[in-house]
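Each remark here refers to the structure printed beneath this line.
Numbered from 1 within each chain, the chains take letters A, B, ... in sequence-line order.
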Amino acid sequence: MANQDIALMAHLMRRAGFGATREELETLCEKGYEAVVEELLNPTEEPLDRFEMMRYQPWTWRPGTLPGMGAAEWLWWMVNTRRPLEEKMTLFWHHIFATGVSKVDHYDEIQNMITMFREKGMGNYKDLLLTLSMNPAMLYWLDNNENHADAVNENWGRELLELFSMGVGNYTEVDVRECSRAFTGWTFEAKLPRGPLGRHDWRFEYRPEDHDEGEKTFLGETGNFNGEDIIDIVCNHPATATFIARHLYNFFVADEAQVPAWQVTPPVDEDAIDALADAFIDSGYDIKAMLRVLFNSDFFKNARFAKLKSPAEVVVGTLKLVGGSDFPGPGIGDLSRQPNYMGQDLLNPPSVEGWHTGAEWINSGSLMRRINFTADMVGDVSRPGVQSIVNRLRSQGDVGPEQFVDTCLDLMGPLEVSADTRQELLDHAVPGGSLSWSNEAAASERVSELLQLIVSLRDYQYA
Amino acid sequence: MASTKKDPVLVVLQLTGGNDYLNTVIPFTDPLYRDNRPAVGVAEDRILKLNDQVGLHPTMGPLKNLWDQGNLAIIHGVGYANSPRSHFRSMDIWHTCEPDKLGTEGWLGRATKEIDPNKENVVTAVSFGPSLPRALALPSVPVACVDDLDSFGLLTGINEAEQRDKILDRFTRLYSPTIGTGAVMDYLGQTGLDSMKAADILKVAPEMYSSSIEYPDTSIASKLKGISQVHQANLGTRVFYCDHGSFDSHSNQVGMHDKLWIDVSQAVESFFDDLRENDAADNVIMLMFTEFGRRVHDNGSGTDHGAGGVAFLAGDAIKGGEYGEYPSLRPEHLEQGDLVPHTDFRSVYTAIAEDWMGMDAQPLVGGIFEKPAYF
Amino acid sequence: MLTQVAAGRTYDFSHSVGRGAQSGMGFSQPVAAAQGPNGVVYVVNRGSEGISNVSWNRIGYGARVSQITIGAEWGQEEFLGEFSKYGDGNGEFIWGSGVVVDSQGRVYVSDEWLNQINVYDQDGNFLSRWSTLESDDGGEHGTASIAIDADDNIYVTDGRSHQVRKFGSDGKFIASWGSQGSDNGQFNAPWGITVDQAGNVYVADHRNHRVQKFTSDGRWMASFGSPGTGRGQLHLPTSVAVDPEGDVYIADWSDNGQHPGRVHIFDAEGTFIITLIGDAQELSAWAKLTVDANADYLKRRREVNLQNMESEWRFALPTGLMYDADKGRLLVVDSQRSRFQIYNKVTGYMVPQMNL
C-alpha cells in the first residue's frame, strides 16, 4: 500500500476523528478516501449504548456537580465511538457554544447539550441554532431566563450575534437590543432542586406573557419578530457563512488567529473560506455540505500537521492509539480529568468565548502534562495498541537503527519530522545497535523507550 | 512590609468544598447556635475557647497554639454579596475577583506577572496539585504544578535513572532552538526547555532540605512539607498554592469535619514549626480560605451550602486576633438561611497585596477595597 | 396510582426511605439490599468516582455498605452504621454489586471489578473473602449479583462471561452454566439473580430483555417477558425477586425518558399482572430533613409544576429488588434517587365503590 495513502488517511482520521490505529488505516485505505469521507459524513455504525456506562458507572447518569467528573461519559464516548466525525463535530460545537459547569452547576444539563450536538451537529445550522436557543443550560449560561418583556437582558442576544453567528462588526448595539427583545419569554421551567434525591432535567418554556410583542427592527428588517425570525435573518446574513467557515477552518484545517482578532485579521486562506461559505449558503445552511467540501479539498489535504492538538485530541488520540479503554472500568473519571490538566476542562470552558487554541494551549505546565501522559501510555507495553506496534516491528525481524527509527515514526503517524529531528532520534538509537529480537524483553524495552521519546517531540504536538 | 530584607512570600491553603464557619469558629454563647445545630453542634465543654464568645473546633488545638502566640488572625464574615452557593462559581469568584461576570484570569496570576514580568524565574509561583488553579491562571505566566516534589519532572515514567538522564539529554537537544522552524516551533522549544528548567530547579529542594520536624502522614501535610522544602531552598518562589478537602459536609459532618481539621491544623503547625526551626518563617504568611460557609441550620446529619464564611491569616508577621464581628444568627438577619457576609474577600486580598507583598492591589483585585490592619 | 389492584392482588405504596448522602443517613448509588435474620437491611452503595485528596477515601466517594432498619411506616427507619469502603484490601470493594445474608447472619458482598466475595459478620466485621473465578478462567469477568438458597449455597451472575456460577458458602466451586447468546439457557450480560422457596434460580438476562428460570442445577425451566417498553415487556431488566406465593418481580430500565425504570409483576406461570413505575409523592423522612434545613429548596419545590414534580415520584434506573416476606412487602432499590420505594402486598383488600 502506498505510504502516501496511509499518510493522507491518517491525516483525515486525526482531523475528522481522534486518530486511528494502523490496522484501521489499512482497512480504510482499501475503501478509498472519498468513500471514507462519505462514511464519516453519513455514519452507518451504531451509536454507543450509554446503558453500558450506566450499568458499570451509575454515577455518570446525572453527575450533578461532582467536581471535575462530569466529562467521564463523554470521554468514553470520544474514545470508543464508531462514528468519529459525529463526535469530533460535537467537540467542535462545544468549542463554539462554550457552556460551562462553573455557572450552570449541573453537569447533566451540559451533557444533555453534548447529546444534542451529537444529534444535530452535522445537520442544518438554522435547526441547530434554534435548538440551542431553547437549550436550558444555554439559556441559563447566558441569562436569557432574566430576559423579560419589561426588562431586557442582552447577554444571550449579544453572544448569539457576536460568538454564534456573524461576529463583531456586522451589527449595531441597536441590533443587539432588538435581537434580545425578540428572545424575551424564552426560558425554562422551575425544576426540582438537586437535593436530596438527585438531579432532574430542565425543560424549555416559552412564556408568551413575558414576550415583548412590539415591533422590532433588526439588521434593517422590521416586524414583530420572535426568536425564530431572528435566527432566520442571522442565518441568511453572509457574515454568518464566513464566520462558521472560519471556525471550521481553524478547527479542522490549520490554526488561525483567535476569534476576537477576526474583525481585523483576514483569513490565512481566503479562497478556502469562500469555498466553505459558498457551500453553507448554496446548501441552505447544511453543515455536512461544508464538511464535504472541506475534507475533499486540496487545502485540507495539504494541511498535514498544520495545527496543534487540543488537549482533548491528545488524550483521546493517545487512548485510541494504545487501546484497552473500551470497557468503562474504574479510573474513567481520572482519565476524563487529563485534558483539564493540560488546559482544557471539558464541560467547563473558561468563558463563553471557549478555549483559545493553537499555541495558546501550550505553557510549561501543560506541555509537561501532555508529554508525561502520552509517554506513560505508550510506555505501557501491555496495552494492546502498543503490543501491536511491537508485533509489527518484530515481524520485520532484526533491523538496524535506521529502520528501527523510521518504522517507529511511521507507525506513530506516519509522523513527519525534520531531518535534524530524525538525526537526533537516530543518534539516540545507534548506540544500542540493531534491534534484535533474540532478547524479547530488551527489544520491547527499546521500542517502548523510543516511542516515549517520539511522543515527547514537538512534532508530535501537531495534528 | 516585612521587617526583613527577605522577599515576602504568600502561601494559600484553599479549604475546598465549603468549610462550615459555625463549627470552625464557634459562637458558643449564642443560644441560636445551639438551636440551629441539633445534630452537628459541638458540645460546649469541648470547644477551645478564645474568649467568652467564640472558640475553635476541638480538633484545632494546633491552630489554637498559633492563636495563643498571637500569630493567627480570624477574619469573620468574609464573602461577597449574592453568593451563588455553587462550588464552581463561588471558587471562580474567589480566584478571579469577578463576582458579576465570568473571569478567566486569576488574581495571583496577575500578582505573579507583577513580581516577575519578564518570566526570569519559572518557579515564581508553585502550585501543589495536578491542575492549575484559576487563581494562578494568566496566559504567559508560567506556574509549576507539582503533584509530588520527589517525582516532579518530565518523563518520570522511565524508572531507570541512567536511561532517563539519556532521554532527557536527548530531549534538551530536540527542543533546542537549532531544530525546527517557525514561531510556534520556537515557542514550543522554549516552553519545553522551561519545563525542564522548572523540574531541574525544584529537584534540588528536597535534596537541600533538612529538618527535625516530623510532618503527619496526610496529603495536606505532604503538600505543606513540599512548600517548606521549596521555600527553604531559596529558589525565589513568592506564591505557593495548595488545597485540602473536601469540606462539603452535607452528611455525617461530625466525623468528617473533625478529621479534616485534625489534618489541616496539624499540618499547618508542623509547617510553621519547620520554618521557624530553620529561620525561614519571618517572611511567610498563610491565607486559609474556603469558597463559602455553610447553611446555619443543619440537615440532620450535615450542613448544606451557605454564604458568609471565615478565613484565617497565619504567620509571624500577622497581628493575631479577631477581625470583624461574628455575623448575626438571628433569623431576620439571615439570607435564605445563611449568614450574611460583611467583609468582602477582596479587602483581604488588598491587605495582603499592599501590606505584605508591597504591590498595588487595585489591578489585582479589580477595585479599591478598605483593608483591615492584619500586619 | 398509589394503590394498584389486579388479578386478586393489591400493591399499596407504603413509603420511601433514603436520600443521597456519601455517608451516614442516606445512600450513594445503592445497587442492592438484603435483610438479615436480625431485621437489619444491608445496602450496597456503589458510590462514585471523584477527585479526593482526603487520604482515607481515595476516589470512591460513598462506596460502603449501610446498615439500617426499615419500619412499617414513614419515618421509622433507623441508621445503624456502615462498613467497608472503596479499595482492594480485606473487606473493601471497588464495585460493590450485590449482597445476601446466610442462615447464620453472615453478610456476603460481591465485587464486580475484583470478582470476589467479601464475607462479614452481622456487624460488618470482615471474616474472609474468596474469588468467584476459577484458575483456568480467561477473558473478562464481572460478578454482577449474588443470591443464596436455603442451604446457604451461593449463586452469582457473571455479566461479562455470560454465566451463572454456584458455590458453597465457603466459596467452593460447585457448578456453572450459560454462555453468550439468546437461546434458552444462554445469556447476554446477565445481572440480577434470586432463588425462590423451592430452590429454583431466576436470572435477569439484562441484554436479552428477559428473565430466565432454572432448577438449582442449571436446567432451563422457563422465560419471562419479551423485549420492548410496552405492557409486560422488558427493557434491560436489572433485578428479580420472587415472593412466597411465587409472584415474580422484575426491575428494568425502561427507556421511556420520563419514567426511566419500572417494576413488572408476573405470576408464577409467567402471566403478566401489573407494572409499577414509582409513587414516592411524599419525601422520605431523611430527605425531608434536608429540605427542612434548606429554605431555598423548599421555596423552589413549591414553584415546580406537576410534570416536573412527577419525575421525583418515579423510579430512576432501579437496580435492586428485595421481597421482605416477614412484612409482606416489596422494596425497590431506586438507585439513582438513592432511596427505597416500598410497596405492601395487601391481602383481603376491599375495593371501594366506583361511584364514591
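Going from atom CG of L197(A) over to atom CZ of R339(C) covers 5.5 Å, rounded to the nearest 0.5 Å.
Between the side chain of R300(C) and the backbone N or O of P193(A) there is no donor-acceptor pair closer than 3.5 Å. In terms of modelled atom types and a separation under 3.5 Å, the side chain of E49(C) and the main chain of Q57(A) share no donor-acceptor contact. Of the possible donor and acceptor atoms, none in the side chain of R337(C) sits under 3.5 Å from a partner among the backbone N and O of P196(A).
Residue contact with chain A, scored on non-hydrogen atoms closer than 4.5 Å, involves the backbone and the side chain of E312(C) alike. Interface remark: W113(C) contributes side-chain atoms only to the contact with chain A (heavy atom separation under 4.5 Å). Only the side chain of T290(C) comes within contact range of chain A, judged by heavy atoms closer than 4.5 Å. Heavy atoms closer than 4.5 Å to chain A are found in the side chain of E112(C), but not in its backbone. Contacts between R55(A) and chain C at a heavy-atom distance below 4.5 Å involve backbone atoms as well as side-chain atoms. For W191(C), the parts sitting under 4.5 Å from any heavy atom of chain A are the backbone and the side chain alike. Contact of A280(C) with chain A is not made at all, since no heavy-atom distance falls under 4.5 Å. Only the side chain of L283(C) comes within less than 4.5 Å of a heavy atom in chain A; its backbone stays farther off.
Each of H200(A), R194(A), M54(A), E189(A) has some count of heavy-atom pairs under 4.5 Å with chain C, and the biggest count is that of H200(A). Between chain A and the options R301(C), E303(C), R46(C), the largest number of non-hydrogen pairs under 4.5 Å is found for R46(C). Chosen from K191(A), R199(A), M69(A), the residue pairing most often with chain C at heavy-atom distances under 4.5 Å is M69(A).
Under 4.0 Å is where a charged nitrogen must lie from a carboxylate oxygen, and between E52(A) and R207(C) at least one such pair does.
More than 12 heavy-atom neighbours from other residues, nucleotides or ligands sit within 6.0 angstrom of CD on E209(A). Sparse packing is recorded around CD of E140(C), with 12 or fewer heavy atoms of other residues, nucleotides or ligands lying under 6.0 Å away. Residue Y140(A) places its OH atom among 12 or fewer non-hydrogen atoms of other residues, nucleotides or ligands, all under 6.0 Å distant. Applying the 6.0 Å contact sphere to CD of E78(C) captures no more than 12 heavy atoms from other residues, nucleotides or ligands.
Note on residues 367-377 of chain A: pairs passing salt bridge (charged side-chain N to carboxylate O under 4.0 Å, His left out), not counting sequence neighbours, are R369(A)-D147(B).
When side chains are defined from C-beta on, W59(A) does not count as touching Q336(C), because their heavy atoms never get closer than 4.5 Å. The shortest side-chain heavy-atom distance between D201(A) and N308(C) does not fall under the 4.5 Å cut-off. The shortest side-chain heavy-atom distance between Q29(C) and W61(A) does not fall under the 4.5 Å cut-off.
Using non-hydrogen atoms only and a strict 4.5 Å limit, the part of residues 320-332 of chain A facing chain C consists of F327(A), P328(A), G329(A), P330(A), G331(A), I332(A).
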For M309(C) and L192(A), run side-chain contact (heavy atoms from CB on, under 4.5 Å): C-alpha distance rounded to whole Å, both residues' side-chain angles, the deciding distance at 0.1 Å, then the answer. CA-CA 7 Å; M309(C) 210 62 214; L192(A) 284 165; 3.8 Å; yes
Intermediate values then yes/no, side-chain contact (heavy atoms from CB on, under 4.5 Å), H235(C) and F51(A): CA-CA 11 Å; H235(C) 185 256; F51(A) 286 111; 3.9 Å; yes
